Amino acid sequence: MTEMIKKIGESLVIKMRVVNMVRRNNEYIFDNNIRTNPFFSEFVGMTQMLKAMDIEYDIDYNEDVTQMTAITIMGTRFEV
């Protein structure tokens, strides 16, 4: 289980880095009910799978909520 959490965490951190890099003018926010950033859609899909598998996670943001800085999955923290 620990190895699986490590692989999931590393994959999510990579996706979070890409989302943070391409975010300009809130690109990953909805525009006419469509996400304008495909990387954010993939990230949300990955987190929805965690929910479906009852895997606890928590995403950390910087103080002014402009970038994701870390994710904690079942007590293991992964830094962006």
Side-chain angles (χ1 to χ4, degrees):
M1 183 72 157
T2 305
E3 186 64 29
M4 180 183 74
I5 295 300
K6 182 180 174 186
K7 288 180 181 181
I8 291 170
E10 290 170 353
S11 296
L12 280 165
V13 164
I14 290 168
K15 195 63 64 180
M16 290 166 74
R17 286 179 183 147
V18 173
V19 169
N20 285 343
M21 285 184 345
V22 298
R23 183 176 184 261
R24 290 182 309 273
N25 299 323
N26 294 324
E27 281 186 28
Y28 63 76
I29 303 301
F30 291 100
D31 182 22
N32 293 327
N33 206 27
I34 297 172
R35 286 191 185 101
T36 57
N37 183 335
F39 302 112
F40 185 67
S41 293
E42 293 170 11
F43 174 75
V44 170
M46 292 170 80
T47 58
Q48 287 175 342
M49 285 302 299
L50 292 177
K51 284 181 187 176
M53 296 186 301
D54 288 328
I55 295 176
E56 296 176 16
Y57 70 94
D58 184 42
I59 301 168
D60 295 338
Y61 298 90
N62 68 354
E63 290 179 12
D64 46 37
V65 193
T66 60
Q67 290 186 342
M68 295 176 279
T69 58
I71 186 166
T72 304
I73 302 171
M74 294 184 73
T76 305
R77 183 177 170 87
F78 299 90
E79 302 267 336
V80 173

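If you're wondering where the values come from, they're calculated on a predicted model, not measured in any experiment.
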Query raised in the report: Is Met49 atom CE crowded by more than 12 heavy atoms from other residues, nucleotides or ligands, each under 6.0 Å away?
Result: no
Query raised in the report: For Arg77 and Asp60, what are the C-alpha separation, side-chain angles and deciding distance, and is it a side chain to side chain contact (heavy atoms under 4.5 Å, CB included)?
Result: CA-CA 10 Å; Arg77 183 177 170 87; Asp60 295 338; 2.3 Å; yes
Requested in this report: With rounding to the nearest 0.5 Å, note down the distance linking OG in Ser41 to CD in Gln48.
Outcome: 9.5 Å
Query raised in the report: Between Tyr57 and Lys51, which heavy-atom pair has the shortest distance, and what is it?
Result: OH-CE, 3.1 Å
Query raised in the report: Where do Met16 and Ala70 come nearest, in terms of heavy atoms and distance?
Result: CE-O, 3.5 Å
**Report entry** Glu56 atom CD, over 12 foreign heavy atoms within 6.0 Å
**Finding:** no
Report summary line: Distance col, row Phe78:CZ vs Ile59:CD1, nearest 0.5 angstrom, shows 13.5 Å
Report task. Spell out, yes or no, whether Ile71 and Ile14 are grouped together once hydrophobic residues are joined by side-chain heavy atoms under 4.5 Å, including indirect joins. Result -> no
**Report entry** CE-CG distance between Met68 and Leu12, expressed to the nearest 0.5 angstrom
**Finding:** 9.5 Å
Report summary line: To the nearest 0.5 Å, atom CD1 of Ile5 lies from atom OG1 of Thr72 at 11.5 Å
**Report entry** Ile55 side, atom CD1; Thr47 side, atom OG1 - distance, nearest 0.5 Å
**Finding:** 12.0 Å
Query raised in the report: Rounded to the nearest 0.5 Å, how far apart are CE of Met74 and CE of Met4?
Result: 7.5 Å
